[in-house]
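Computed from a predicted model, the values in this text were never measured in an experiment. Both ligands and their constituent atoms are indexed starting at 1 by order of listing. One is the number of the first residue; the rest follow in order along the sequence.
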Amino acid sequence: MSKLLLIAYDPADGLQGAGFAQKLGLPFDLLCLTGVAPTDVGAERALSAGLDEVPPADALASGLSGVAGGYTHLAAVSAMRSKDVLARLAGLLDAAMVTDVIAIESPSVFKRPIVAGSIIATVEVLATPVVLTVRPAAFGTPNLGGASVAESVALAGSGTAKRLSISARGGARPDLTQAKVVVSGGRPLKDAATFESVIGGLADALGGAAGATRAAVDSGIAPNELQVGQTGKIVAPELYIAAGVSGSTQHMAGIKDSKLIVAINKDPDAPIFDNADLGLVADLYDAIPEIRAKLGR
Ligand SMILES: Cc1cc2nc3c(=O)[nH]c(=O)nc-3n(C[C@H](O)[C@H](O)[C@H](O)COP(=O)(O)OP(=O)(O)OC[C@H]3O[C@@H](n4cnc5c(N)ncnc54)[C@H](O)[C@@H]3O)c2cc1C
């Protein structure tokens with residue numbers, strides 16, 4: 001019988017993926033790597049691995065391969081961390097993999113964007129197991145209710161890499177891929193200190209995350225992990241504010257699931273205005289302090 005294992009890094013990740021799991025329509029178990037798996041999302045079993053820290057990708061993939069038996073589908077929310085692990089898991093299981101799923105036609109036919117989102121491919125998987133990463137914004141929030149059986153599960157894997165240290169920038173800001181508000185800045189932010197005070201400051205005032213274009217990252221204005229777009233993170237916030245962002249197809253590929261896109265650009269012909277819900281033709285160094293002053297009031 002077909003069954004899905006939804007793999008989540010933490011409970012919030014599990015809730016995000018559960019919308020997909022419910023739409024797939026197969027019975028599923030939810031495995032939470034850290035924290036306690038939610039029991040009210042319609043999973044048959046809420047499995048908690050109880051890890052304090054997620055191990056490096058090869059060890060985690062090895063551990064997951066040990067619990068993958070019996071599942072025809074294994075899925076996680078699309079993110080850098082899950083793509084790294086699930087690709088290895090697919091290799092270990094000799095399974096087909098479909099990344100960035102945005103729609104389900106049947107348990108073996110999925111839709112995914114290619115060429116920076118300008119083409120939607122329909123992919124049929126001819127064998128099981130199949131490993132999937134899914135874009136949660138495409139599937140909405142799960143229906144809560146019902147009680148799953150809560151169980152602990154041990155992941156015993158071995159890897160060839162050892163994590164020596166881990167560091168995160170951005171302090172207490174929410175994770176970019178899960179934030180309800182994202183404020184992004186582009187090349188005109190000049191340097192890291194300006195980016196942090198102008199973009200970071202507005203993000204903090206709105207309780208959101210800071211993001212950046214690749215041009216800003218390549219110029220050393222913003223850290224690599226803040227890059228949004230085709231080769232960065234895919235975001236889907238309620239509100240996306242792009243300040244000094246031209247609106248390249250590669251950047252737009254990462255933000256098109258945002259509910260409301262607000263662009264601040266001093267060039268009225270900037271391409272971002274073609275895709276923004278609200279546009280402000282203004283110098284960001286005038287507009288953002290003014291917005292912050294109004295928010296303060
Ligand atoms: C294979 C490939 C993958 C890529 N992947 C990504 C990706 O994932 N993400 C990504 O972002 N890019 C990506 N890029 C790069 C992308 O093509 C663009 O070069 C990049 O997005 C441009 O960044 P930008 O908008 O910050 O810079 P620019 O194109 O330089 O635009 C700056 C904008 O700021 C405006 N501006 C200037 N000063 C001000 C001011 N004071 N106030 C208000 N507005 C101002 C200008 O009018 C302009 O529109 C990729 C490119 C390639 C080839």
Any sub-3.5 Å donor-acceptor pair from [X]'s side-chain atoms to [Y]'s backbone N or O?
| X | Y | result |
| --- | --- | --- |
| Glu105 | Lys111 | no |
| Gln227 | Val217 | no |
| Thr39 | Ala147 | no |

*Would you verify that at least one protein heavy atom lies under 4.0 Å from atom 19 (O) of ligand 1, or report that none does?*
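When distances to the protein are checked, atom 19 (O) of ligand 1 has no heavy atom within 4.0 Å.
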Need the ligand 1 atom indices (1-based, order shown) with element for anything under 4.0 Å from a heavy-atom of [X].
| X | answer |
| --- | --- |
| Asp283 | 40 (C), 41 (N), 42 (N) |
| Ser248 | 16 (C), 17 (O), 18 (C), 20 (C), 21 (O) |
| Gly186 | 26 (O) |
| Pro188 | 32 (C), 34 (O), 36 (N), 37 (C), 38 (N), 39 (C), 45 (C) |
| Asp267 | 47 (O) |
| Gln227 | 6 (C), 7 (C), 8 (O), 9 (N) |
| Val228 | 7 (C), 8 (O), 9 (N), 10 (C), 11 (O) |
| Gln230 | 7 (C), 8 (O) |

Please indicate whether any nitrogen or oxygen in [X] is less than 3.5 Å from any nitrogen or oxygen in ligand 1.
| X | answer |
| --- | --- |
| Leu284 | yes |
| Gly244 | yes |
| Ser246 | yes |

*Say you draw a straight line from CG of Leu64 to CZ of Arg88; how long is it, rounded to the nearest 0.5 Å?*
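The distance works out to 12.0 Å.
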*Which distance, rounded to the nearest 0.5 Å, do you find between the CZ of Arg112 and the OG1 of Thr99?*
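If we round to the nearest 0.5 Å, Arg112:CZ and Thr99:OG1 are 3.5 Å apart.
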*Give the single entry among Ile288, Thr231, Asp269, Val281 that approaches atom 6 (C) of ligand 1 most closely by any heavy atom.*
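It is Thr231 that holds the nearest heavy atom.
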Protein heavy atom at shortest distance from [atom]:
| atom | value |
| --- | --- |
| atom 4 (C) of ligand 1 | Arg214 NH1, 3.1 Å |
| atom 23 (O) of ligand 1 | Ala215 CB, 3.2 Å |
| atom 30 (O) of ligand 1 | Arg187 NE, 2.6 Å |

*asked:* With no hydrogens and no angle check, just 3.5 Å: does a side-chain donor-acceptor pair link Thr72 and Lys3?
replied: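 There is no such pair between these side chains.
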*Does Gly232 come within less than 4.0 Å of ligand 1, judged by its heavy atoms?*
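Yes, Gly232 has a heavy atom closer than 4.0 Å to ligand 1.
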*In plain terms, say whether Arg187 and Asp218 are close enough for a salt bridge, that is, a side-chain N and a carboxylate O under 4.0 Å apart.*
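Between Asp218 and Arg187 there is no salt bridge, as every charged N stays at least 4.0 Å from the carboxylate O atoms.
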*Is Glu225 paired with Arg81 through a side-chain N to carboxylate O contact shorter than 4.0 Å?*
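Salt bridge absent between Arg81 and Glu225.
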*Ile102 to Ile120 - nearest heavy-atom pair and separation*: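 Nearest pair, atom of Ile102 first, then Ile120: CD1-CD1, 3.8 Å.
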*Classify the contact between Ala282 and ligand 1 as side chain, backbone, both or neither, using a heavy-atom distance cut-off of under 4.0 Å.*
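It is the backbone that touches ligand 1; the side chain stays farther off.
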*In this structure, are over 12 heavy atoms from other groups packed under 6.0 Å from Lys180 atom NZ?*
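For Lys180, atom NZ is not crowded (no more than 12 foreign heavy atoms under 6.0 Å).
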*asked:* Looking at Glu290, I want to see if its CD is surrounded by more than 12 non-hydrogen atoms of other residues, nucleotides or ligands under 6.0 Å.
replied: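 For Glu290, atom CD is not crowded (no more than 12 foreign heavy atoms under 6.0 Å).
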